[in-house]
Q: 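I'd like to ask you about the structure that follows.
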Amino acid sequence: MSAKKKLPAPKADRRSAILDAAEAEFSAHGFDGVTLRTIANRAGVDVALPHYYFGSKEKLFVAVFDRRAKILNDLREAALIDAIAAARPGAPTVEAIIRAYVEPLFKGPHLKEPGWNSYYALVAYVNNTPGWGGRLMTEHFDPLIRKFLDALRLALPGMNERDLFWGYHCFSGALTLALAQTGRIDTLSNGLVQSEDLADACEHMVPFITGGFEAARRAAPAGKPQAKPSRVKSSAH
């Protein structure tokens, strides 16, 4: 018997099928390693439909990134609001803030749905790619990140602003690698640790990042002047 041909996606689901296929392809091969034809073939639709629905590969890439960003933002903002409310009239702890940021990402019920691993890999790719990272991460995630930074300022009064932002930079790097789930730590640990075990990553990342912020605060007590960028005078040649 000959193998059955893959049936085309129903008309009402074609747009979603294209987004799903593009998400999987972009997360695996990056923006430049994927063509609209490849995406159409994976989605089981006519090769002209990705262009019809989205106009260009770049617009399709942005649409894929847009699709799940609000879900993550809503989950984390709700967790942050709860952490702040639970601490009143005092300030939330650093650990509570970091947990509100990480736990919805790594333990949320949405992870049971197909496609999220691909989306997480895509976020890691975007956050680590000049051009895309500065554009899409800034647009979709920076407004919420600023709320988390404000909460950290409450928990760490007087913390040097440079330390705060470098601390977040290190935090973002750890998150990016965890979201990528490359499998490197699996090999490095001889299977003791699995990169796809995001719940385990959460429980190790939260105290580690918390300790980093708290150590930076202890090293720069309130009142310590913040370092100013040096000015280099130019000379004529």
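Keep in mind that this is a model prediction, so the values were computed, not measured.
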Q: Measure the CD-CD1 distance between E23 and I39 for me, rounded to the nearest 0.5 Å.
A: 11.0 Å
Q: Write down the atom of A216, the atom of D163, and the distance for their closest heavy-atom approach.
A: O-OD2, 4.0 Å
Q: For H140 and D66: C-alpha separation, side-chain torsions, deciding distance, then whether side chain to side chain donor-acceptor pair (under 3.5 Å) applies.
A: CA-CA 8 Å; H140 291 288; D66 291 352; 2.5 Å; yes
Q: So if I apply the ring-ring contact (aromatic ring centres under 6.0 Å, His included) rule between W132 and each of F31, F65, F26, which one comes out positive?
A: F31
Q: For H51, does the NE2 atom sit with more than 12 other heavy atoms under 6.0 Å from it, leaving out its own atoms?
A: no
Q: Nearest 0.5 angstrom please: I185 CD1 to L192 CG, how far?
A: 9.0 Å
Q: If you define the side chain from C-beta out and look only at heavy atoms, does anything of L60 sit under 4.5 Å from L19?
A: yes
Q: Step by step, would you call L136 with F61 a side chain to side chain contact (heavy atoms under 4.5 Å, CB included)?
A: CA-CA 10 Å; L136 293 182; F61 186 88; 3.9 Å; yes
Q: Counting C-beta onward and ignoring hydrogens, is there a side-chain heavy-atom pair between T35 and T38 closer than 4.5 Å?
A: yes
Q: Should L164 and F213 count as side-chain neighbours, where that means a heavy-atom distance under 4.5 Å?
A: yes
Q: Should Y53 and V64 be regarded as members of a common hydrophobic cluster, given that ILVMFWY residues are connected when their side-chain heavy atoms come within less than 4.5 Å of each other, either directly or indirectly?
A: yes
Q: Locate the shortest heavy-atom distance separating K57 from D32; write the atom from each residue and the value.
A: NZ-CA, 4.1 Å
Q: How long is the span from the CZ atom in R184 to the OG atom in S189, to the nearest 0.5 Å?
A: 11.5 Å
Q: Just verifying a value: how many Å separate T129 OG1 and L122 CG, rounded to the nearest 0.5 Å?
A: 9.0 Å
Q: Please, which pairs that meet ring pair (Phe, Tyr, Trp, His ring centres under 6.0 Å) have at least one residue in residues 158-183, sequence neighbours excluded?
A: Y101-F171, W166-H169
Q: Indicate if L111 and V102 have the same hydrophobic cluster label, given that clusters are the connected sets of ILVMFWY residues with side-chain heavy-atom separations under 4.5 angstrom.
A: yes
Q: Could you report the tightest heavy-atom contact between S27 and S118, atom names first, then the distance?
A: CB-O, 3.1 Å
Q: Output yes when a side-chain donor or acceptor of D197 lies under 3.5 Å from a complementary backbone atom of D200, and no otherwise.
A: yes
Q: Test D20 against every option in R14, R42, R67 by the salt bridge (charged side-chain N to carboxylate O under 4.0 Å, His left out) rule and name the one that passes.
A: R67
Q: So, do S172 and N127 sit near enough that their side-chain heavy atoms are less than 4.5 Å apart?
A: yes
Q: Is there a side chain to side chain contact (heavy atoms under 4.5 Å, CB included) between L105 and L175? Walk through the geometry before answering.
A: CA-CA 10 Å; L105 286 176; L175 278 170; 4.2 Å; yes
Q: Any Lys/Arg nitrogen of R99 or E203 sitting under 4.0 Å from an Asp/Glu carboxylate oxygen of the other?
A: yes
Q: Is it the case that one hydrophobic cluster holds both W116 and L198, taking links as side-chain heavy atoms less than 4.5 Å apart, direct or via other members?
A: yes
Q: Side chains of Y120 and T176, heavy atoms from C-beta outward: is any pair under 4.5 Å?
A: no
Q: Under 4.5 Å between side-chain heavy atoms, hopping through other hydrophobics if needed: is there a path connecting L188 to F208?
A: no
Q: Between the side chain of S195 and the main-chain N/O of G183, is any donor-acceptor distance below 3.5 Å?
A: yes
Q: Please step through side chain to side chain contact (heavy atoms under 4.5 Å, CB included) for the pair Y119 and L72, ending with a clear verdict.
A: CA-CA 11 Å; Y119 185 73; L72 296 183; 3.9 Å; yes
Q: Is a side-chain N or O of R15 found less than 3.5 angstrom from the main chain of L49, in a donor-acceptor match?
A: no
Q: Between M205 and I98, is any pair of side-chain heavy atoms under 4.5 Å apart?
A: no
Q: Please determine whether the number of non-hydrogen atoms from other residues, nucleotides or ligands lying under 6.0 Å from atom NE2 of H29 exceeds 12.
A: yes
Q: Evaluate V62 against F54 for side chain to side chain contact (heavy atoms under 4.5 Å, CB included), listing each step before the verdict.
A: CA-CA 10 Å; V62 172; F54 300 99; over 6 Å; no
Q: As an exercise, state the distance from SG of C202 to NZ of K107, rounded to the nearest 0.5 Å.
A: 4.5 Å
Q: Any chance you could measure Y52, atom OH, to L36, atom CG, to the nearest 0.5 Å?
A: 16.0 Å
Q: Tell me if a side-chain donor or acceptor on D186 pairs with a main-chain N or O of Q194 at a distance below 3.5 Å.
A: no
Q: Just distance, no hydrogens or angles: give the donor-acceptor pairs under 3.5 Å from side chains in residues 141-156, sequence neighbours left out.
A:
unit_1, atom_1, unit_2, atom_2, d
D142, OD2, T138, OG1, 3.4
K147, NZ, E77, OE2, 2.5
D150, OD1, R153, NH1, 2.7
R153, NE, E161, OE2, 2.9
R153, NH2, E161, OE1, 2.9

Q: Mind listing the closest non-hydrogen atom pair of P92 and I84 along with its distance?
A: CG-CG1, 4.1 Å
Q: Of the non-hydrogen atoms in V47 and A40, which two are nearest, and what is the gap between them?
A: CA-CB, 3.6 Å
